[in-house]
Amino acid sequence: MAYWLMKSEPSVYSIDDLKRDGARGTGWGGVRNYQARNFLRSMRKGDLALFYHSNAEPSAAVGVMKVVGEAEPDPTQFDPKDDHYDPDSPPAAPRWWQVQVAFVEKFAEPVSIQDIRAEPSLKEMTLLKRGRLSVQPVTAPEWRRVLGLAGK
DNA sequence: GCCAACGTTGGC
DNA sequence: GCCAACGTTGGC
């Protein structure tokens with residue numbers, strides 16, 4: 001069982017939207033970075049992920065979600081009307097993938113990036129080291145620490 | 001809205 | 001294969 005962190009701008013798709021999407025969850029698509037894509041493909045059912053609100057006030061880890069379906073081709077890459085359309089992705093060998101994720105919990109106390117930066121044991125977190133990676137691994141100690149900061 | 005970080009593209 | 005130009009992310 002692995003731990004992850006996945007970013008979304010709340011003005012686009014927030015943890016409340018995920019909660020509303022219920023047990024079936026949502027396809028986490030639109031990722032157009034190869035390293036993030038590779039992490040998506042290595043996710044397995046039952047893995048847990050922090051839902052992180054980026055470009056938010058404040059930017060913060062706001063809850064937990066669960067991987068409920070493993071990698072499948074991201075349909076937005078084939079949709080010319082979608083912002084994430086990729087005309088160079090061959091349908092027979094899709095370039096971009098998504099996983100299905102579902103709501104687990106929303107933190108009563110979000111853990112902001114300032115909180116994370118202020119916590120010495122989290123200074124190696126990928127979130128701080130690699131600013132713009134939208135899907136990233138979290139170690140077990142980091143996971144426990146962030147949930148601790150969330151009051152869990 | 002600014003801009004630093006950094007990934008991608010494309011000319012050579 | 002190098003690297004400059006360009007585009008995007010995301011904190012502030």
Side-chain angles (χ1 to χ4, degrees), chain A residues 2-21 25-43 47-67 71-101 103-139 141-152:
Chain A
Y3 297 111
W4 306 96
L5 179 149
M6 298 161 87
K7 299 178 184 177
S8 178
E9 300 193 26
S11 60
V12 177
Y13 188 85
S14 74
I15 185 132
D16 293 323
D17 294 320
L18 182 66
K19 185 173 187 180
R20 201 169 302 123
D21 284 338
T26 190
W28 197 274
V31 172
R32 295 294 180 269
N33 168 285
Y34 288 102
Q35 196 177 1
R37 186 277 310 268
N38 293 344
F39 286 134
L40 284 175
R41 288 203 296 203
S42 66
M43 290 182 186
D47 285 359
L48 295 173
L50 293 168
F51 194 130
Y52 181 84
H53 281 171
S54 61
N55 271 315
E57 225 21 85
S59 294
V62 292
V64 173
M65 55 192 169
K66 179 187 286 198
V67 176
E72 58 186 359
D74 177 348
T76 64
Q77 70 194 304
F78 302 124
D79 179 358
K81 294 186 294 295
D82 194 281
D83 284 348
H84 298 102
Y85 178 54
D86 182 354
D88 298 327
S89 179
R95 182 177 287 179
W96 306 115
W97 297 72
Q98 66 178 20
V99 296
Q100 194 75 17
V101 290
F103 178 83
V104 174
E105 67 173 327
K106 179 178 175 178
F107 296 148
E109 303 171 49
V111 182
S112 72
I113 190 161
Q114 295 94 326
D115 296 336
I116 291 170
R117 200 172 270 129
E119 171 54 49
S121 63
L122 295 176
K123 70 180 196 307
E124 296 300 318
M125 260 189 97
T126 304
L127 183 71
L128 303 182
K129 295 267 162 180
R130 291 285 320 282
R132 297 163 304 127
L133 187 62
S134 65
V135 177
Q136 53 186 258
V138 173
T139 68
E142 288 166 352
W143 180 270
R144 288 191 293 270
R145 198 75 199 95
V146 172
L147 265 69
L149 292 174
K152 294 287 152 183

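Throughout, a chain's letter reflects where its sequence line sits, starting with A, and its residues are numbered from 1.
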* Residue met sooner reading DNA chain B from 5', once Lys129(A) and Asp88(A) are mapped to nucleotides -> Lys129(A)
* Structure fact -> Taken in chain and number order and not counting sequence neighbours, the residues that satisfy side-chain hydrogen bond (donor to acceptor under 3.5 Å, both in side chains) with Gln136(A) are none
* Tell me, please, which residues at least two apart from Glu72(A) pass side chain to side chain contact (heavy atoms under 4.5 Å, CB included). =>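 Side chain to side chain contact (heavy atoms under 4.5 Å, CB included) list for Glu72(A), sorted by chain: Gln98(A), Gln100(A).
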* Just checking Arg32(A): base, sugar-phosphate only, or nothing, at a heavy-atom cut-off of under 4.0 Å? -> nothing
* Structure fact -> Counting primed atoms, P, OP1 and OP2 as sugar-phosphate and everything else as base, the B/S/- map of nucleotides 7-12 of chain C against protein heavy atoms under 4.0 Å is -BBBBS
For residues 55-64 of chain A, tabulate all N or O donor-acceptor pairs below 3.5 Å that involve a side-chain atom, not counting sequence neighbours.
unit_1: Asn55(A); atom_1: ND2; unit_2: Glu9(A); atom_2: OE2; d: 3.3
unit_1: Ser59(A); atom_1: OG; unit_2: Asn55(A); atom_2: N; d: 3.4
unit_1: Ser59(A); atom_1: OG; unit_2: Ala56(A); atom_2: N; d: 3.2

* **With sequence neighbours excluded, residues passing salt bridge (charged side-chain N to carboxylate O under 4.0 Å, His left out) with Asp16(A)** =>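 Applying salt bridge (charged side-chain N to carboxylate O under 4.0 Å, His left out) to Asp16(A) gives Lys106(A).
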* Please list, chain by chain and in numerical order, all residues satisfying salt bridge (charged side-chain N to carboxylate O under 4.0 Å, His left out) with Asp82(A), sequence neighbours excluded. =>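 Asp82(A) satisfies salt bridge (charged side-chain N to carboxylate O under 4.0 Å, His left out) with no residue once adjacent residues are dropped.
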